[in-house]
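Here is the structure we will look at, set down as structure tokens.
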Amino acid sequence: MISGIPVHLETEHPAIRTEGLIKDYKRTRALAGLNLTVPEGAVYLLVGPNGSGKTTTMKILLDLVRSDGGEAEVFGLSPIDDGARVRAQIGYVPEGGIPGYEWMKVGHLIRHHAAYYPSWDEDYAESLIRRLEIDERAKFKTLSKGEARRVQLLLALAHRPPLLLLDEPMDGLDPLVRDRVIEQIVDHIAENPTTVLASTHHIQEMEKLADHMGVLHDGRLLAQSTQDDLHRSLRRYQLEVPEGWTAPEAFSGTVIHQNGSGPELAWAIWGEEEQITGALTASGATVRSVSALQLEEAAIALLAGTEGT
Ligand code: ATP
């Protein structure tokens, strides 16, 4: 049996679970029935074009925004009924600034933030200040985008929360700082049991961190899978096909992206390579080569498959 693109993830211990989540902003449907599953301990990359609903999803998990339908849970708790307990377990790097606190000096902002978290680790915060080269004397509102992002990362990490919600954590960082931030996140995860949900347009840079990926489009997941499954199951097949060739029936729902027109085709197909190659050969196509897709290529192939829909 050739199976279709996976949109459901099975896990006994979800850190985050949403079912049929819907969010409307006046005339805009931001989430259109989102079924997101982030297993405990996963580093889950949520990718998707601008406006696909990544920020909205995180805000609903924090109860900063209320959904219009469906359910959301964080460690089995409802963000609406148990908002304070949910937020206490989350380190959040928001996409924008920190509204209401921009006038504070960074050192003041850090102390102010620390007061809300009993688990705040002063020594760790100090080491993050040094490692991320944070200037405590600067006013937050005078910081560049990249400098502000580093402060936000410190605020998210220093209480060692079990869940990190990182909304575009690489945004505004120069390439050198990006590497340092990735290293910092890698070290943090190695030393602290943490689940991470990170939205990003910098898939390649975050690939080495991630073990899961979900591809969001128009408020719905096109696919979500472990990185291992993606590497194993999503392949690009270079084909040579006879005139008038049509794809085998069994491929319905598995062809993610099609490139080229006969006789030379490049198709991204989900499934077991041996079965796919067998079915292609039986249909009269010649399989010239097969290659695995990197996460970014996989996301692009999935999103390209939606063009015109
Ligand atoms: P990006 O990659 O650009 O950050 P995103 O995937 O995070 O985008 P969201 O910010 O969740 O997307 O937005 C989803 C949709 O909802 C977009 O069409 C956006 O314009 C709309 N939207 C988000 N917030 C609001 C709001 N406060 N009022 C009206 N529309 C909104």
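Worth knowing before you read on, the calculation uses all heavy atoms, side chains too, and leaves out hydrogens, waters and symmetry mates. All of these numbers come straight from a predicted model, not from anything done at the bench. Atoms within each ligand, like the ligands themselves, are counted from 1 in listed order.
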| said: Angle between ring planes, W120 versus H159, binned at 30° and 60°: parallel, tilted or perpendicular? | reply: parallel
| query | Going by the angle between their ring planes, with limits at 30° and 60°, are H113 and Y117 parallel, tilted or perpendicular? | reply | tilted
Does one side chain, of [X] or [Y], offer a donor that lies under 3.5 Å from an acceptor on the other?
X    : Y    : value
T55  : E95  : yes
T277 : Y237 : no
H201 : E168 : yes

[X]: numbered ligand 1 atoms lying under 4.0 Å from its heavy atoms:
X    : value
E95  : 4 (O)
P49  : 6 (O)
K54  : 1 (P), 2 (O), 5 (P), 6 (O), 7 (O), 8 (O), 11 (O), 12 (O)
A30  : 14 (C), 15 (C), 16 (O)
H201 : 2 (O)

| Looking at E274, E272, E273, which one forms a salt bridge (Lys or Arg N to Asp or Glu O under 4.0 Å) with R235? | E273
Would you check whether [X] has a nitrogen or oxygen atom less than 3.5 angstrom from a nitrogen or oxygen atom of ligand 1?
X    : answer
G53  : yes
E168 : no
G51  : yes

| task | Show your working on ring-ring contact (aromatic ring centres under 6.0 Å, His included) between H188 and Y124 and close with a plain yes or no. | result | CA-CA 10 Å; H188 181 89; Y124 187 35; 5.7 Å; yes
Among protein heavy atoms, which lies nearest [atom], and at what distance?
atom                    : result
atom 10 (O) of ligand 1 : T55 CB, 3.6 Å
atom 29 (C) of ligand 1 : Y25 CB, 3.4 Å
atom 18 (O) of ligand 1 : T28 CG2, 3.4 Å
atom 11 (O) of ligand 1 : T56 OG1, 2.6 Å
atom 3 (O) of ligand 1  : N50 ND2, 2.9 Å

Taking [X] first and then [Y], would you say they form a salt bridge - that is, a charged N and a carboxylate O separated by under 4.0 Å?
X    : Y    : value
D135 : R137 : yes
R160 : D121 : yes
D187 : R131 : yes

| field | Protein non-hydrogen atom below 4.0 angstrom of atom 20 (O) of ligand 1 present | value | no
| query | Strictly under 4.0 Å, does any heavy atom of S52 approach an atom of ligand 1? | reply | yes
